[in-house]
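Heads up, the thing below is written out as structure tokens.
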Amino acid sequence: MQHEIKKYVTHVTAMKEGSFTAEFCFPGSFTGFDGHFADQPVLPGVCLIQAVLVAAELVLKQKPVLTEIVLSKFTAVSLPDETLRAACTVNEDMLRAKISRGADRVAEIRLRVQYA
């Protein structure tokens, strides 16, 4: 699924050292929506985590390998065709992301990673 997610990371911008922003937009045809849920497709949180890892790889030019999910707090659902923006910071082995949709916060994620 990582390769499929990569094509939905639409924009990544390195800010200052250790921080970047990324945008993602998952269409209704994205396989992650299959069965989650039948009447109202909702993007699984694991797909947001993977999108942050993909964006980090694009910026850092090295692959972050997830070793621990330290925090995954989801405060709103993500639906098909919504543009989501992640404000991310990287500090040694910790990758942090605050994900929003416009002014609405969607998730806060903290991941412990190693680099391959």
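Keep in mind the model is a prediction, meaning the values are calculated, not measured.
- When all heavy atoms of L95 and A56 are compared, the closest pair comes out as CD2-CB, 3.9 Å.
- A donor-acceptor pair is defined here as one N or O able to donate and one able to accept, closer than 3.5 Å; no such pair exists between the side chain of S100 and the backbone of V106.
- Annotation for G32 and C47: closest pair CA-SG, 4.4 Å, computed over non-hydrogen atoms.
- Taking OG1 from T13 and CZ from R85, the interatomic distance works out to 8.0 Å, rounded to the nearest 0.5 Å.
- Atom CZ of F24 and atom CD of E82 lie 13.0 Å apart (nearest 0.5 Å).
- Distance CG/D93 to CZ/R112: 5.0 Å, rounded to 0.5 Å.
- Note that OH of Y115 is 6.0 Å distant from CD of Q62, once rounded to the nearest 0.5 Å.
- Listed for the E57 side chain is no donor-acceptor partner under 3.5 Å among the backbone atoms of V54.
- In this structure a side-chain-to-backbone donor-acceptor pair under 3.5 Å is missing from H11 to A22.
- Taking the ring centroids of Y8 and F26, they lie under the 6.0 Å cut-off.
- The two residues A87 and T21 make their nearest non-hydrogen contact at CA-CG2, 4.4 Å.
- A donor-acceptor pair is defined here as one N or O able to donate and one able to accept, closer than 3.5 Å; such a pair exists between the side chain of R101 and the backbone of V77.
- In terms of modelled atom types and a separation under 3.5 Å, the side chain of T89 and the main chain of S19 share no donor-acceptor contact.
- Separating the CD1 atom in I49 from the CG atom in L66 is a distance of 7.0 Å, to the nearest 0.5 Å.
- Taking 4.0 Å as the cut-off between side-chain N and carboxylate O, K73 and E108 do not count as a salt-bridged pair.
- Atoms CG and CG, on L111 and L71 in that order, are 9.0 Å from each other to the nearest 0.5 Å.
- With a 4.5 Å cut-off on side-chain heavy atoms, L84 and S78 count as touching.
- Checked by atom type and distance alone, the side chain of S72 never pairs as donor or acceptor with a backbone atom of I109 at under 3.5 Å.
- In this structure the side chain of R105 never reaches within 4.5 angstrom of the side chain of I99, judged on heavy atoms.
- Classification of the F33-F30 ring pair by plane angle, with boundaries at 30° and 60°, yields perpendicular.
- Among all heavy-atom pairs drawn from L48 and A107, the shortest one is CD1-CB, 4.4 Å.
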